[in-house]
Amino acid sequence: MTRPDAAQFRKRLAAGELLAGTFVKTPTGHATEIFGDLGYDFVVIDEEHAPFDRRSIDDAIVSARAAHIAPLVRVASSAPSNLLSVLDCGAVGVLVPHVASVERAKEIAAACRYRKGSRGFSNSPRAGRYGGLNLSQHIEQGDATTTVVAQIEDPSALSVVEEIARVDGVDALFVGRGDLAAAMEENSSEAPAVRAASERIAKAGQAAGKPVWFFVGSLADAAAMRGIGGSGFIYMSDQGLMRQAATKALADLKTLK
């Protein structure tokens with residue numbers, strides 16, 4: 001199977017390609033290898049909601065690079081030091097939760113870029129090929145390939161989402177329907193208020209020429225979000241997919257006489 005190099009991920013994203021990925025919640029590299037072998041476009045290593053530390057993130061990124069699948073990290077903290085950590089490990093991008101203001105979006109974008117930014121320089125980690133890239137090569141490659149996805153999941157972000165989408169260095173928006181539903185005191189991500197918020201975020205991304213991503217749990221859900229402009233889909237997670245398959249397998253076995 002011929003797959004695009006993970007380093008081309010940001011170009012594919014900007015081109016509006018339909019991209020399929022999933023969250024990785026289990027802090028090993030094995031699930032990531034499987035998703036790469038199957039031909040998924042990307043994984044999102046979930047530092048925010050799973051027991052990942054820098055060492056396990058590093059291991060998952062090694063597996064992703066070996067399996068030719070783009071590794072992004074949903075960071076637990078958007079502090080510049082944490083963004084730098086995962087990018088130095090070789091992540092092609094970050095998914096940053098709770099981007100609720102233009103100022104926060106600008107700070108995050110700057111922390112992930114060298115030129116016109118404030119990313120700390122070192123070409124000694126994996127991202128710099130352990131010194132294999134010189135200063136200018138590493139800066140050029142890092143700025144060209146690093147993807148910043150802003151997660152819009154706070155009601156307060158909705159009033160400024162159009163401005164957030166236009167921030168230079170923010171490459172895409174991710175609609176956090178679960179957090180929006182919780183904050184809006186709704187019981188479902190399909191509630192009318194959440195749907196309206198999702199549509200507003202999608203329109204803001206489209207107006208700014210930025211792709212919009214969604215977390216989805218079914219093909220029908222993906223089709224609905226595709227209909228309002230989604231081009232990237234995080235389909236469940238390694239744990240969710242395992243539970244789904246295991247549930248069906250157990251039910252099938254129970255039919256034996």
Side-chain angles (χ1 to χ4, degrees), residues 3-14 19-48 50-97 108-115 117-149 169-172 174 213 232 234 238:
R3 306 185 184 93
D5 190 277
Q8 300 300 311
F9 182 79
R10 188 170 182 238
K11 290 182 179 179
R12 298 178 64 205
L13 175 73
L19 300 172
T22 189
F23 279 120
V24 172
K25 306 275 192 177
T26 310
T28 73
H30 303 88
T32 297
E33 286 186 274
I34 292 170
F35 291 122
D37 187 63
L38 290 171
Y40 279 66
D41 298 300
F42 67 96
V43 291
V44 180
I45 299 160
D46 195 1
E47 184 190 28
E48 184 188 24
F52 277 97
D53 56 18
R54 184 166 184 172
R55 177 59 182 271
S56 53
I57 289 171
D58 191 67
D59 289 342
I61 289 172
V62 170
S63 296
R65 290 163 71 97
H68 302 288
I69 183 171
L72 291 89
V73 178
R74 178 159 70 173
V75 291
S77 165
S78 60
S81 60
N82 198 48
L83 296 170
L84 176 63
S85 169
V86 301
L87 295 177
D88 275 355
C89 285
V92 301
V94 291
L95 173 56
V96 185
I108 292 161
C112 294
R113 306 275 186 246
Y114 290 115
R115 306 296 188 199
S118 57
R119 178 177 170 179
F121 174 81
S122 175
N123 63 345
S124 63
R126 182 178 299 109
R129 287 178 40 212
Y130 305 105
L133 300 178
N134 64 32
L135 187 148
S136 61
Q137 289 171 331
H138 179 49
I139 288 175
E140 181 179 354
Q141 180 173 298
D143 283 352
T145 61
T146 296
T147 299
V148 175
V149 184
V170 170
D171 297 293
F174 175 67
W213 285 7
I234 301 176
D238 57 342

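On a predicted model such as this, the values are computed, not experimentally measured, just so you know. Hydrogens, waters and symmetry mates play no part in the numbers below; they use all other heavy atoms, side chains included. If you read the sequence from its start, that first residue is 1, and numbering goes on from there.
- In this structure, D143 has no side chain to side chain donor-acceptor pair (under 3.5 Å) partners at least two apart in sequence or on a different chain.
- By the salt bridge (Lys or Arg N to Asp or Glu O under 4.0 Å) test, R55 is found to be paired with D59, residues two or more places apart in sequence or in another chain being considered.
- Residue pairs meeting the salt bridge (Lys or Arg N to Asp or Glu O under 4.0 Å) criterion with at least one partner in residues 123-142, sequence neighbours excluded, are D58-R126.
- Applying the side-chain contact (heavy atoms from CB on, under 4.5 Å) criterion to Q137, with sequence neighbours excluded, gives L133, N134.
- Partners of T145 by side chain to side chain donor-acceptor pair (under 3.5 Å), not counting sequence neighbours: none found.
- With sequence neighbours excluded, the residues forming a ring-ring contact (aromatic ring centres under 6.0 Å, His included) with F9 are F42, listed by chain and number.
- V44 has its side chain out of reach of F174: every pair of non-hydrogen atoms, C-beta onward, lies at least 4.5 Å apart.
- For E48, the salt bridge (Lys or Arg N to Asp or Glu O under 4.0 Å) criterion is met by R74, not counting sequence neighbours.
- Among residues two or more places apart in sequence or in another chain, the side chain to side chain donor-acceptor pair (under 3.5 Å) test is passed with R113 by D171.
- Between the side chains of T26 and T28, no donor-acceptor pair is found at a separation under 3.5 Å.
- With sequence neighbours excluded, the residues that form a side-chain contact (heavy atoms from CB on, under 4.5 Å) with A79 are S77, S81.
- In this structure, the side chains of L72 and V94 stay at 4.5 Å or more apart for every pair of heavy atoms.
- Contact of the P71 side chain with the T32 side chain is not registered, since no non-hydrogen atoms from C-beta on lie closer than 4.5 Å.
- Looking at residues two or more places apart in sequence or on another chain, you find a side-chain contact (heavy atoms from CB on, under 4.5 Å) between A50 and K25, D46, F52.
- Pairs engaging residues 80-90 under the salt bridge (Lys or Arg N to Asp or Glu O under 4.0 Å) rule: D88-R119 [sequence neighbours left out].
- Evaluation of the side chain to side chain donor-acceptor pair (under 3.5 Å) rule for N82 yields E47 as partners, not counting sequence neighbours.
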